[in-house]
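Below is one structure, written out as structure tokens; the observations come after it.
Because the structure is a prediction, the values reported are computed rather than measured. Chain letters run A, B, ... following the sequence lines, proteins first, then strands; residues in each count from 1.
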There are 2 protein chains.
Amino acid sequence: MEKLEDIIFYTLERAIKSYRQYAQHNITAAGIDITIDQWLLLKAIQENPGTPQNELAKTVFKDMASITRMIELMVTKGFLIRNINSNDRRRSLLDLTETGLLILEVIQPVIETNRNTALDTLSKDELVLLDDLLSRITRNTSFKAERSGN
Amino acid sequence: MEKLEDIIFYTLERAIKSYRQYAQHNITAAGIDITIDQWLLLKAIQENPGTPQNELAKTVFKDMASITRMIELMVTKGFLIRNINSNDRRRSLLDLTETGLLILEVIQPVIETNRNTALDTLSKDELVLLDDLLSRITRNTSFKAERSGN
DNA sequence: TGCATTTAATTGACATATCAATTATTATTG
DNA sequence: CAATAATAATTGATATGTCAATTAAATGCA
């Protein structure tokens, strides 16, 4: 815990946790009853209609078990409707309800404000660089030809 | 989900998740029965003897409830011993067991290899920059004079 | 000293992460 | 076509994250 190389992952964890807390706080304060993770999944479903859950899992960097439970929750909350895909009865067909669509609308400005605040003072160039550095870490730590599921 | 500003937090999440999975995989593969979170907390206890749990929570970016449960677990696992601080009976006194110390020793090379792999091709300058960018995000999203606990 | 306040830690409830096992359905192939 | 393999999703178990409520002890103050 002395040299920079040793703490860069703490800095990473700290940044993401700080952002998440901040963002969630503002969402809740705006009277919107949704978690950031639920929002992300809901948005992914909206943007990729008909996508099976295993694809959604990859899109939002989660595993299938989490997706199943989150969808369940959002069906209960009235954000989603789940039907069975008649072409492949193993799959489900997910659609946003009116409520789900409305939530996405009202949350959008909050999300944008959160991002702008979080990234305030970071220039376009710096964002490009940050994206590149993080992507390299991802590449360096991605499992290749292993049967490890992900 | 189009512009860079919109996806930087996905890149962030992806990097941290990728690293965590990779690191945990290697630890488990080395036959070491500890999670990354437990390791971090164990190390924090070792490096800050006598520190109360609320301080530990800040150090490892977690909340007190998580710390309580993780300590409980590590006591059960035989990594830690918990005693009551006689100066202030609300606090506990945490000490690593022989097993706890041994774990930290055997895990150290694995941790270092993980970091080196993850940060491969990132120069010293880039690490400094990454640290700076992430710290700025943290600053931008840190709650100031609010009574929000953290 | 006595009571209210603060503080440290725990506990409960629920959301999410991860892994393993299971179920239902579809695809393969002998 | 029947047995087997592969795939999509669910479920169970356990770890962690977050918030709220509670407990126990210490502190402040009248």
Side-chain angles (χ1 to χ4, degrees), chain A residues 13-14 16-25 27-29 33-41 50-58 60-77 79 82-94 143 147-150, chain B residues 13-14 16-25 27-29 33-41 50-58 60-77 79 82-94 143 147-150:
Chain A
E13 295 254 2
R14 189 179 51 187
I16 194 74
K17 283 188 182 176
S18 184
Y19 172 70
R20 279 180 151 272
Q21 279 189 0
Y22 174 77
Q24 186 67 60
H25 178 272
I27 290 166
T28 305
D33 179 30
I34 194 171
T35 68
I36 292 182
D37 293 297
Q38 288 169 10
W39 164 74
L40 177 55
L41 177 55
T51 304
Q53 292 179 202
N54 53 6
E55 288 297 324
L56 289 173
K58 286 177 203 160
V60 300
F61 316 133
K62 293 178 190 298
D63 79 333
M64 284 180 54
S66 297
I67 299 296
T68 293
R69 283 160 185 142
M70 289 173 70
I71 285 174
E72 221 169 85
L73 236 170
M74 288 202 287
V75 168
T76 302
K77 279 175 130 181
F79 299 168
R82 168 159 47 182
N83 290 304
I84 291 174
N85 183 327
S86 48
N87 287 357
D88 184 340
R89 299 174 47 74
R90 289 169 304 185
R91 299 187 187 182
S92 43
L93 263 180
L94 300 166
F143 292 115
R147 62 222 98 25
S148 62
N150 198 7
Chain B
E13 295 254 1
R14 191 179 51 187
I16 194 74
K17 282 188 182 178
S18 184
Y19 171 70
R20 281 180 149 271
Q21 278 189 2
Y22 174 77
Q24 186 65 61
H25 178 272
I27 290 167
T28 305
D33 179 30
I34 194 171
T35 67
I36 293 181
D37 293 297
Q38 288 169 11
W39 163 75
L40 177 54
L41 178 54
T51 304
Q53 293 180 200
N54 54 6
E55 288 296 325
L56 289 172
K58 286 178 202 159
V60 301
F61 315 134
K62 295 179 190 296
D63 79 333
M64 284 181 53
S66 297
I67 299 294
T68 293
R69 282 158 187 144
M70 290 173 69
I71 286 173
E72 220 168 84
L73 236 170
M74 290 202 286
V75 167
T76 302
K77 279 175 130 182
F79 299 167
R82 167 158 46 181
N83 290 303
I84 292 175
N85 184 328
S86 48
N87 287 357
D88 184 341
R89 300 175 46 74
R90 289 169 304 184
R91 298 187 186 183
S92 40
L93 262 179
L94 300 166
F143 292 116
R147 60 223 103 21
S148 63
N150 199 6

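- In this structure, CD of Glu55(B) is placed 11 Å from C1' of dA8(C), rounded to the nearest angstrom.
- Between dT16(D), dT16(C), dA9(D), one nucleotide has an atom nearer to the side chain of Pro52(A) than all others, and that is dA9(D).
- Picking from dT16(C), dC19(D), dA9(D) the nucleotide with the shortest atom distance to the side chain of Ala65(B) gives dC19(D).
- Distance from the side chain of Thr68(A) is smallest for dT11(D) among the nucleotides dA9(C), dT18(D), dT11(D).
- The side chain of Arg91(B) lies closest to dA8(C), out of dA15(D), dA8(C), dC19(D).
- Here the side chain of Met64(A) is nearest to one of dA9(D), dC19(D), dA24(D), namely dA9(D).
- With rounding to whole Å, Lys17(B) atom NZ is found 13 Å from dT16(D) atom C1'.
- Residue-level contact check: Arg82(A) touches the backbone only, with heavy atoms under 4.0 Å from sugar-phosphate atoms and none from bases.
- In this structure, the nucleotide among dA13(C), dT11(D), dT16(C) sitting nearest to the side chain of Arg69(B) is dA13(C).
- Residue Gln24(B) is classed as having no contact, given no heavy-atom separation below 4.0 Å to the nucleic acid.
- In terms of position on DNA chain C, the residue among Met70(A) and Asn87(A) whose nearest nucleotide sits closer to the 5' end is Met70(A).
- Following rounding to the nearest Å, Lys62(A) (NZ) and dT16(C) (P) show an atom-to-atom distance of 7 Å.
- Applying the 6.0 Å contact sphere to CZ of Arg89(B) captures no more than 12 heavy atoms from other residues, nucleotides or ligands.
- Listed here is the closest heavy atom pair of Asp33(A) and Phe79(A): O-CZ, 3.6 Å.
- For the pair Glu72(A) and Thr68(A), the minimum side-chain heavy-atom distance is below 4.5 Å.
- When heavy atoms are screened at a 4.0 angstrom cut-off, Asn54(A) is found touching the sugar-phosphate backbone but no base atom.
- Nearest to the side chain of Gln53(B), among dT18(D), dA9(C), dT7(C), sits dA9(C).
- When rounded to the nearest whole Å, the span between CD of Gln38(B) and P of dA17(C) equals 18 Å.
- For Ile67(A) and dT11(D), the CD1 to P distance is 15 Å, given to the nearest whole Å.
- Checked for salt-bridge contact, Arg20(A) and Glu13(B) meet the test: a charged N lies under 4.0 Å from a carboxylate O.
- Nucleotide dA9(C) holds its P atom 11 Å from the CD1 atom of Ile84(B), rounded to whole Å.
- Backbone-only contact: Asp88(A) has heavy atoms under 4.0 Å from sugar-phosphate atoms and none from a base.
- Listed candidates were dT16(C), dA8(C), dA15(D). Nearest to the side chain of Arg90(B) is dA8(C).
- For Arg89(A), counting side-chain heavy atoms from C-beta on, the closest listed nucleotide (dT11(D), dA8(D), dT25(C)) is dT25(C).
- Residue Leu73(B) is the one, among Leu73(B) and Phe61(B), whose nearest nucleotide of DNA chain D lies closer to the 5' end (criterion: closest heavy atom).
- For Ser66(A), counting side-chain heavy atoms from C-beta on, the closest listed nucleotide (dA9(D), dT16(C), dA8(C)) is dT16(C).
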